[in-house]
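Data block below; observations after.
Just so it is clear, the values below take in all heavy atoms, side chains as well, and ignore hydrogens, waters and symmetry mates. A quick note: this is a predicted structure, and the numbers were derived from the prediction, not measured. Quick note on labels: first sequence line is chain A, next is B, and so on, each numbered from 1.
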Amino acid sequence: MILEQITEQLTETLETRVLTLFGHALDRVVLQSPPRLAMGDLATPLCLELAKVLKRKPREIAETLAKDLKLPMFVQKVSVEGAGYLNFRFDRGAFTVAHMQSVMSPPAHAGERVIVEHTNINPNKAAHIGHLRNAVLGDTLVRCLEWLGEHVETQNYIDDTGVQVADVVVAFEHLLKEGPADVQKRIEDPTVRFDYFCWDLYSRMANYYIDHPEAEAWRRDTLHRIETREGDTSKLAELISRAIVRRHSTTMLRLGIEYDLLPKESDIIALHFWDRAFELLKKSGAVIHEREGKHKGCWVMKLEGTADFEGMDEPDKILVRSNGTVTYTGKDIAYQLWKFGLLDRTFNYRKFMSYPDGRILWETTAADGSPEAPKFGSAQRVFNVIDVRQAYLQRVVREGLRLLDHQREADNSIHFSYEMVALTPATAEALGLEVSETDRKRPFLEMSGRRGVGVKIDDLIDAMQSKATEAVREGSKREGLSDAEIEQLGREIAIGAIRYFMLKFGRNKVIAFDFNEALTFEGDSGPYLQYSTVRVENIFRKMQERGVDAKLDDASLNALTLNEGLSDEMWELVRRSADLPAAVQRAVESLELSVITHELFELSQKFNSFYHKYPIMNEKDDAERQRRAVCAEVFRRTMRSALDLLAIPVPERM
RNA sequence: GUCCCCGUAGCUCAGUUGGACUAGAGCAACAGCCUUCUAAGCUGUGGGUCGCAGGUUCGAAUCCUGCCGGGGACGCCA
């Protein structure tokens, strides 16, 4: 907040000054932290860029600019350094006191209606760690957007009429010879995890198809019955998909992930979204009926010649097959149009479940809806969180909007793409999967629900939790904790570790999942941030217990000038804390959420060094103790807010 | 075949809208630090032709071209 003001004012001052002195209009002023804070608190390489244009030496330009430069509040002096950098030094004390009041305050922003669609797991089996990356990225994006002031709606799309659900239905009906009543019993049986049961059943079915290709007739028949909502088969599909979605919701809730709406494919079909979208596409000429050639009898979207699809052999995309059925991409275009409020029809809504915090999860329905349902859809910006393998399809959807002359909405259709989560051969083997000689030499092995290859999210959380609980139990200074408290701490640490692990890698990096690496609580990990926070909390708790005054009230802060006494290490905590709001903004703009975890990790490292070097409670000198306490307090507030933003819990003790 | 992503220390990764320095962390290895706010921590040591070769530039891990290695996408699947 304070930093933003300084940056803004400096930018303006420099722009006008360069214009008056050199008659040159700058299109940007880069202001960043210098590599080391000993050099200054904010720096610009402006003069190096200007040197080119003005054909003068950078240092000379810098000297001219720096002379009599009007400095914003909190900025004490400007100097010319290195090859011609302008470096600004802050009044550390004044800045610190001002910053402490406004730690992690978001920039002003007019709230936009934004939809984030994430998770989207086929409701036919347990969720695995590939889905986990999607959900954690999506959920964190939602939190960041909300922090920035947007009005965010979180959607978890349910493909309840697809092949994957159909295959499990086929397995129940034909392999197990079970109907809705039997399946209902399984769902209600507390001794089985229904999603785990379906995980095995689904891969069993996939194997059955391989040995009995004729069984594919069952699938076609089942898909048809589901789509036309016929008899026990369709009842079974609904039963299964609802039970699995409930399981997924429970799993995600363990990590603090909630949704606003479950849009269901069955409702998109029942409400004829596609028919309407199809009319629009036909009218605009975006799709045409092929009478010749390879795609004879299909309705295709002509993409040849459009910028995004240049150089492709067969860029055209079939939306309606020659047998008259619509492809997934077609339905996706209709759904995307609805998200922007561009389809002149909508869903009805009913309550799916209530979260413990009171939030309601709604689902779409084609039947009568609830009058209490909020308004969904009609967003100005849409983020679809889907892994990079869907990039082509996402481009087709976006192009669909463009061809319908919705340029702005096409630009605001954002594919948040990220790389997949795979398994290291060692982890695959540890899971009891067969790993061939050639596979053993590969860097990673892809997961596959179909083949039953994967690490289930609940198993990961369970493993993490028992390891964390163990660690808490072993700790020497944790006596006096009840079993329930220890369990609680274990849970919080596990969540912190998992969420952090899913965020810390750049989104374009394949995560080759390794159990040992994921289970670590040391170094660059969630628990490191939690531990640092617990430590700083302890300082203030202990001081209060022993009646040591930190002197952080307004009067005490104003009475003492901090400027001289703040060492570089102390000041660095404050200065880096001030960088965080910009980091969150940068993270959202680049969809690179790892910048936030990275900043927090470095900040925590600085704090831990500070912690060892500068004891607070036992410092006898009041002024010195106050200086240290102020910096610790800034760190404490920063971590509280930032961890809250990332939904990483702060345990009471560790 | 066309397109996209990745290649930085033994391993996992930061750093890539060009810039300050000796290219940074974590893990692993080695050496220290717990009567002092919690050692899930801190301090130190060793460890790198930034895949290769050219080019642009005052300046390149970062931009351009080509190549090599790994992964992915391009379906009348979802």
Rounding to the closest angstrom, what is the interatomic distance between [N] and [M] at atom [atom1]?
| N | M | atom1 | value |
| --- | --- | --- | --- |
| B:U16 | B:A23 | C1' | 13 Å |
| B:A28 | B:G41 | P | 10 Å |
| B:A25 | B:U43 | P | 10 Å |
| B:G48 | B:C42 | P | 25 Å |
| B:C52 | B:A78 | P | 44 Å |
| B:A14 | B:C76 | P | 36 Å |
| B:G18 | B:U57 | C1' | 9 Å |
| B:G47 | B:G1 | P | 43 Å |

Using a 4.0 Å heavy-atom cut-off, does [X] contact any base of the nucleic acid, only the sugar-phosphate backbone, or nothing at all?
| X | result |
| --- | --- |
| A:Pro45 | nothing |
| A:Lys331 | nothing |
| A:Phe444 | sugar-phosphate |
| A:Tyr614 | base |
| A:Pro58 | nothing |
| A:Gly84 | nothing |
| A:Gln530 | nothing |
| A:Ala43 | base |
| A:Asn87 | base |
| A:Val388 | nothing |
| A:Asp159 | sugar-phosphate |
| A:Gln390 | base |
| A:Phe505 | sugar-phosphate |
| A:Val534 | base |

Hey, is the side chain of [X] poking within less than 4.0 Å of OP1 or OP2 on [N], counting only N and O atoms?
| X | N | answer |
| --- | --- | --- |
| A:Lys509 | B:U12 | no |
| A:Ser609 | B:U43 | yes |
| A:Arg36 | B:A20 | no |
| A:Gln544 | B:C37 | no |
| A:Arg535 | B:A39 | yes |
| A:Lys542 | B:U38 | yes |
| A:Tyr392 | B:A73 | no |
| A:Asn618 | B:U36 | no |
| A:Arg586 | B:U17 | no |
| A:Arg321 | B:A78 | yes |

remark   = 5'-most contact on RNA chain B (nearest-nucleotide basis), A:Glu49 vs A:Ile616, goes to A:Glu49
key: First encountered from the 5' end of RNA chain B, between A:Ser594 and A:Ser604   = A:Ser594
Tell me, yes or no, whether the heavy-atom count around [X] atom [atom1], taken from other residues, nucleotides or ligands under 6.0 Å, exceeds 12.
| X | atom1 | result |
| --- | --- | --- |
| A:Lys294 | NZ | no |
| A:Glu292 | CD | no |
| A:Gln32 | CD | yes |
| A:His289 | NE2 | yes |
| A:Glu624 | CD | yes |

Under 3.5 Å side-chain donor-acceptor pair for [X] and [Y]:
| X | Y | result |
| --- | --- | --- |
| A:Asp159 | A:Tyr328 | no |
| A:Arg491 | A:Gln488 | yes |
| A:Ser266 | A:Asp160 | yes |

note = Syn within 90° of 0, anti beyond: B:C4 is anti
Quick check: closest heavy atoms across [X] and [Y], and the distance to 0.1 Å?
| X | Y | answer |
| --- | --- | --- |
| A:Ala83 | A:Arg59 | O-CG, 3.5 Å |
| A:Arg440 | A:Pro425 | O-CG, 3.8 Å |
| A:Val435 | A:Glu429 | CG2-N, 3.9 Å |

Just how far, in rounded Å, is [atom2] of [N] from [atom1] of [X]?
| X | N | atom1 | atom2 | answer |
| --- | --- | --- | --- | --- |
| A:Glu592 | B:U62 | CD | P | 19 Å |
| A:Arg56 | B:C58 | CZ | C1' | 17 Å |
| A:Phe501 | B:C27 | CZ | P | 14 Å |
| A:Ile511 | B:G70 | CD1 | P | 23 Å |
| A:Tyr531 | B:U38 | OH | P | 8 Å |
| A:Asn508 | B:A14 | CG | C1' | 14 Å |
| A:Glu227 | B:A78 | CD | P | 11 Å |
| A:Asn134 | B:A78 | CG | P | 20 Å |

Closest to the [X] side chain, choosing from [options]:
| X | options | answer |
| --- | --- | --- |
| A:Met617 | B:C37, B:C5, B:C76 | B:C37 |
| A:Thr327 | B:A20, B:A78, B:U17 | B:A78 |
| A:Arg389 | B:G26, B:A73, B:A78 | B:A73 |
| A:Glu446 | B:U12, B:G72, B:A78 | B:G72 |
| A:Val472 | B:A20, B:A40, B:U17 | B:A40 |

ask   = Does the side-chain ring of A:Tyr528 sit on the six-membered ring of the B:A40 base, less than 5.5 Å centre to centre and under 30° in tilt?
value = no
task = Please name all residues satisfying ring-ring contact (aromatic ring centres under 6.0 Å, His included) with A:Tyr614, sequence neighbours left out, ordered by chain then number.
result = A:Phe610
Watson-Crick or G-U stems of RNA chain B, 3 or more pairs, under 3.5 Å, by first number = B:1-7 with B:68-74, B:10-13 with B:24-27, B:29-33 with B:41-45, B:51-55 with B:63-67
